Participant: 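Quick one: this structure, given as structure tokens, is what I'll be asking you about.
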Amino acid sequence: MPEPQSSDGAISPAGAGGAMDLAMEEGASLEKNPAGPDGTGPAGKPRSLWSDAWRDLRSNPVFIISALVILFLVIISIWPSLIASGDPLQANLDDAQKGSEPGHPFGFDPQGRDVYTRVVYGTRTSVTVGVCATLGVAILGSVFGGLAGFFGGWWDSILSRLTDVFFGIPVVLGGLVFLSVVTSSTVWPVVGFIVLLGWPQIARIARGSVITAKQNDYVQAARALGASNSRMMLRHITPNAIAPVIVVATIALGTYISLEATLSFLGVGLKDPAVSWGIDISAAANYIRNAPHMLLWPAGALAITVLAFIMLGDAVRDALDPKLR
Amino acid sequence: MGRYVIRRLLQMIPVFFGTTLLIFLMVNVMGDPIAGLCGDRQCDPATAAQLRSEFGLDKPVWQQYLTYMGNVFTGDFGTAFNGQKVTELMATAFPITIRLTIVAIVFEVVIGISLGVVTGLRRGRPVDTTVLILTLVVIAVPTFVTGLLLQLLLGVKWGIIKPSVSADPAFDELLVPGLVLASVSLAYVTRLTRTSIAENARADYVRTAVAKGLPRRRVVVRHLLRNSLIPVVTFIGTDVGALMGGAIVTERIFNIHGVGYQLYQGILRQNSQTVVGFVTILVLVFLAANLIVDLLYAVLDPRIRYA
Amino acid sequence: MRGATQVRWAACAVAVALAATACGGGDGDGGGSSGADGIVSSSWGDPQNPLEPANTNEVQGGKVLDMVFRGLIRYDPKTGEAQNMVAESIESTDSQNFTIKLKDGWTFSNGEKVTAKSFVDAWNYGAALKNNQKNAYFFQYIEGYDKVHPESGSASAETLSGLKVVDDLTFTTKLTQKFSLWPDTLGYSAFVPLPKAFYDDHDAWLSKPVGNGPYTIESYAKGSSMNLRKWDDYPGDDKAKNGGVDLKVFTDNNTAYTDLTSGNLDLVDDVPASQLRNVETDLGDRYINTPAGIIQTLSFPFYDKEWDTDDARKVRQGLSMAINRPQITDQIFQKTRTPASDWTSPVLGEDGGFKEGLCGKECTYDKAAAKKLIDEGGGIPGGQLKISYNADTGSHKEWVDAVCNSINNVMGNNKACVGGPVGTFADFRAQVSTQKLTSSWRAGWQMDYPLIQNFLQPLYYTNAPSNDGKWSNQEFDDLVDKANAESDRAKAVTTFQDAEKILVEEMPAIPLWYQNGSAGYSDRVDNVALNPFSVPVYEEITVK
């Protein structure tokens with residue numbers, strides 16, 4: 001194993017006192033690495049941390065299962081008619097809130113629309129909103145938070161205070177202000193809005209992780225050896241700081257899918273007639289006492305999606321963490 | 001350390017002005033609030049004009065902002081449309097919300113971290129899977145439903161709690177609302193702790209500690225947990241804001257007249273005075289929370305120092 | 001409150017000593033001793049405006065005014081008929097000059113006598129522009145209104161020239177036009193008398209209003225609760241039959257309902273839609289659902305040329321016939337709405353001008369005819385009907401979606417009609433009143449007084465204050481003028497109905513349904529009823 005493992009070997013009982021001589025040891029191992037036959041040169045590239053992680057992933061059953069579920073969701077998003085023949089907007093009010101019956105396995109919603117068809121057709125919107133918003137938030141947040149944590153000082157002050165101001169914007173107010181002027185009927189304004197208000201949280205998490213990772217002896221050693229900032233960030237800090245970001249992002253994915261519904265509830269989300277799990281979940285919430293089936297199915301779909309991404313996140317994180325090998 | 005804290009406190013000043021200006025502009029962009037005051041009919045133009053001048057809405061935005069800030073520095077946060085002083089609203093709403101937030105955070109810390117430690121040490125075992133399923137339920141089922149069901153079961157069916165809290169609720173009344181409020185955050189805290197614990201459990205200092213023959217409990221609490229808490233503490237720090245200002249659903253279900261509810265009302269009625277006042281205080285709370293979190297980093301990881 | 005609680009416990013202790021009377025269950029905040037001194041606890045919403053009579057235009061503030069004040073006229077809680085209250089007589093020979101005589105013996109709860117001046121000063125206060133009273137337009141028919149409340153610029157007079165105090169118990173009113181039914185409008189809360197304290201120490205009065213009604217305000221915590229107590233020396237004949245009412249502000253009517261089912265609250269006067277399916281199981285016969293003077297309609301923009309054509313008229317009629325009203329009132333509203341077949345309200349009664357079926361086939365669901373009419377009219381202007389509504393209050397989304405689905409099914413096109421939510425009520429009203437909307441919007445009208453005039457003139461008369469769509473029809477205007485000048489009540493009503501028939505032809509607004517008031521109550525209380533304004537008749541409630 002290349003450098004992360006050697007760095008792993010260097011860490012021993014925490015304490016500021018021991019840091020110095022440990023760093024020396026670390027430095028020694030690091031020094032060996034770039035010079036080593038598998039660390040440099042085009043031939044050695046595949047043995048990098050990232051390619052190792054990829055190899056690891058391919059043989060991980062958890063990864064394979066979650067990837068298959070996600071692939072399924074993507075296919076359904078693109079061609080919902082593959083598994084649902086009806087029209088998600090077709091309503092017959094006389095069927096409102098009815099339970100399961102032949103041809104309509106999941107029953108009907110308060111407007112008398114088929115719940116099964118709506119769950120299938122809602123996949124596209126909900127998965128797009130969830131995945132894109134999460135990616136946007138994770139990238140933007142990691143970059144800002146990472147920079148603040150890595151450079152510290154004025155960078156940190158300015159970026160952190162900026163996140164404070166964004167934290168201060170209530171979702172309701174932000175939604176009413178930013179989204180009520182939008183006329184586009186696509187999901188992108190909603191995605192953009194979630195990214196705009198969501199990034200500060202990931203930024204804080206990333207900043208905290210980077211601050212901790214920065215203290216690791218091998219990072220100090222790499223710095224002492226004159227490694228460039230970008231190299232340190234990509235090769236030393238990211239793999240060690242990414243776990244909390246992945247954890248928060250995978251859970252946030254589920255909450256963003258619900259947040260889309262909150263925005264629709266406020267009248268500023270997706271333009272009618274929109275079909276999404278979130279909208280159906282929030283519509284069903286009012287009928288929980290009389291027709292729980294309306295909540296069960298879209299919420300179940302949401303849970304499976306989140307589960308797939310949590311598993312995926314776990315697998316990726318494990319693959320990136322040399323200590324768990 | 002002392003200098004660091006002072007520097008951070010000084011930074012609150014620009015954030016204070018930035019936020020108030022931003023929120024003030026945002027509420028203004030929402031448009032004319034007067035039309036909403038006359039119910040389902042048109043305000044007669046003369047009264048509407050008179051009301052606008054009384055609330056200062058006929059002046060340019062920058063002038064409104066300056067007047068408002070001038071008043072804020074004399075302790076006058078303005079009045080809501082129903083004639084109630086905003087300071088009065090804040091004086092009733094904030095203590096309740098702070099209590100609710102404390103309850104929620106205690107739940108996050110106690111339940112969330114305990115579950116995180118247990119699942120982190122027993123990855124892949126039944127207890128881990130059970131907690132994962134609970135996590136999924138909490139994420140997929142809206143707070144509204146969990147709150148409503150708890151209220152129905154505990155409040156109406158079994159009569160253990162009162163479905164709605166009193167006007168000035170004490171901590172014990174806020175236990176159930178606090179749990180509902182904390183539920184989604186619990187999922188985050190549990191997963192974060194679990195991951196950190198799992199990651200650090202194989203670290204050499206833990207192996208060393210075990211090899212030294214330290215009791216397991218001491219290893220977990222002193223060595224493992226302490227080093228795993230930084231992401232968790234960060235998350236809880238960011239969550240304070242969400243808990244205080246965003247508890248709209250929970251506050252509505254349990255009839256808590258707290259900050260989330262008042263803020264929501266203020267926004268819907270487009271009352272800039274209420275909204276700016278509440279948000280300003282909230283931002284100051286975030287700043288304080290973040291400062292505390294940053295100071296905790298140094299406590300949890302002695303290698304981190306602040307100049 | 002604490003004092004009251006202690007008294008209650010003392011009373012309970014005595015009662016327990018005498019007989020095993022149940023004092024349990026009085027755990028609720030408003031729980032008082034039973035019988036004539038029992039306190040009713042009731043749900044409330046935070047009033048939107050300060051509690052001045054001429055400034056309160058919504059039902060939550062109206063509730064309080066209804067308990068604390070009595071005006072010249074009072075609408076019978078059951079029939080809605082106008083009856084003299086403080087007034088001895090209101091007479092006129094020409095439908096324009098009225099002489100109002102007061103009954104002797106009325107006082108405010110602070111002891112001050114209710115005189116002609118109490119009324120005249122209050123009305124002058126309400127009408128004056130400088131006082132920002134949102135109900136000022138109620139005084140618009142009184143001569144001199146344009147001086148104290150000009151449309152623009154500052155007032156040139158302080159008082160209404162049409163009001164004259166004759167003696168302690170008599171005053172006269174001169175109107176700007178003939179309006180035979182004017183006395184019937186005086187039951188509205190804007191017309192109540194005010195004591196001197198209102199002007200002398202306004203802030204103190206606002207924090208604890210003093211009036212001449214059956215209840216006095218014991219304590220008022222803004223935003224959370226108000227405790228009203230029976231006024232023992234109340235001179236009227238509708239004395240409170242309970243010891244008082246504790247109003248409690250709820251953040252959500254669902255919470256109030258849950259509190260009611262768990263026995264912590266006695267009365268909820270707005271049962272949330274999501275609970276209607278289980279209300280019978282929860283409450284049994286302690287659920288009331290009675291007509292209220294509220295009608296919901298869809299309005300259209302006549303300032304937009306596309307909608308102001310003869311073709312568009314056909315389209316509107318077609319749309320009206322495309323809405324399956326009974327299905328929606330059954331499924332979405334669980335019969336708390338009644339399908340509308342005219343533009344008024346059942347609470348007016350046949351004599352008052354309500355006429356079931358006046359709209360006829362134009363308001364009856366007929367799929368084929370609807371589609372034919374819409375197609376004849378060249379389809380929906382703009383290609384799509386967008387029904388705007390405010391998303392923040394009133395849960396309009398569900399019925400708007402249902403109306404759209406009904407239209408879509410008729411048109412065979414799932415995008416023929418969509419909902420257009422607007423974030424806040426204020427923004428929605430701003431868009432409506434500044435003519436920004438280019439398609440339909442939801443409109444709700446709650447009557448101010450039970451007169452057919454109130455359902456027609458403010459909404460459809462040319463340039464009337466609530467004629468948001470700017471519809472204008474000379475024939476309709478003429479008939480309204482004629483009806484107002486008619487001194488015979490029955491004739492006036494039929495003339496108004498003639499005017500209403502023009503609405504069938506022109507369909508300026510599609511009538512949807514009449515709204516009911518719904519309420520649930522605990523088994524502690526009895527004799528609960530809602531008046532035609534969907535406000536509980538508090539003074540009649542008895543505590544077991």
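Chain A is the first sequence line, chain B the second, and so forth, proteins listed ahead of strands; every chain is numbered from 1. All of these numbers come straight from a predicted model, not from anything done at the bench. Scope of the values below: all heavy atoms of this structure, side chains included, with no hydrogens, waters or symmetry mates.
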Participant: Is there any residue in residues 398-406 of chain C with a non-hydrogen atom under 4.5 Å from a non-hydrogen atom of chain A, and which ones are they?
Facilitator: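 So far as heavy atoms go, Glu398(C), Asp401(C), Ala402(C), Asn405(C) are the residues that approach chain A to under 4.5 Å.
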Participant: Side chains of Gln90(A) and Asn408(C) only: does a donor on one sit below 3.5 Å from an acceptor on the other?
Facilitator: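 Absent: no donor and acceptor within the cut-off.
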Participant: Out of curiosity, Asn290(A) CG to Ser274(C) OG, how far, rounded to the nearest 0.5 Å?
Facilitator: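 Reported value, rounded in 0.5 Å steps: 8.5 Å.
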Participant: At what distance, to the nearest 0.5 angstrom, does CG of Asn92(A) lie from CD of Gln331(C)?
Facilitator: 9.0 Å
Participant: For the CD atom on Glu280(C), are there more than 12 heavy atoms of other groups (residues, nucleotides or ligands in this structure) within a distance under 6.0 Å?
Facilitator: no
Participant: Looking at Lys386(C), I'd like to know if its NZ atom is crowded, meaning that more than 12 non-hydrogen atoms belonging to other residues, nucleotides or ligands lie closer than 6.0 Å.
Facilitator: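 Counting other residues, nucleotides and ligands, NZ of Lys386(C) stays at 12 neighbours or fewer.
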Participant: Quick one: of Asp427(C), Val418(C), Asn414(C), who has the most non-hydrogen atom pairs under 4.5 Å with chain A?
Facilitator: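 Sorted descending by pairs with chain A, the first entry is Asn414(C).
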Participant: Go through it in stages, so that I can follow the logic: the residues are Arg289(A) and Asp282(C), the test is side-chain contact (heavy atoms from CB on, under 4.5 Å), and I'd like the CA-CA distance, side-chain angles, deciding distance and then a yes or no.
Facilitator: CA-CA 12 Å; Arg289(A) 277 186 72 184; Asp282(C) 290 344; 3.0 Å; yes
Participant: Look at atom CZ of Phe265(A) and say whether more than 12 heavy atoms of other residues, nucleotides or ligands are closer to it than 6.0 Å.
Facilitator: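 Counting other residues, nucleotides and ligands, CZ of Phe265(A) stays at 12 neighbours or fewer.
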Participant: Would you find more than 12 non-hydrogen atoms of other residues, nucleotides or ligands less than 6.0 Å from Tyr303(C) atom OH?
Facilitator: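 Atom OH in Tyr303(C) is crowded, with more than 12 foreign heavy atoms closer than 6.0 Å.
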Participant: Applying the side chain to side chain contact (heavy atoms under 4.5 Å, CB included) test to Leu93(A), which of Asn409(C), Ile332(C), Asn324(C) qualifies?
Facilitator: Ile332(C)
Participant: Can you tell me which portion of Leu266(A) sits under 4.5 Å from chain C's heavy atoms? Options are side chain, backbone, both or neither.
Facilitator: backbone
Participant: Out of Asn278(C), Asn390(C), Asn254(C), which one racks up the most heavy-atom pairs below 4.5 Å with chain A?
Facilitator: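 Most heavy-atom pairs under 4.5 Å with chain A: Asn278(C).
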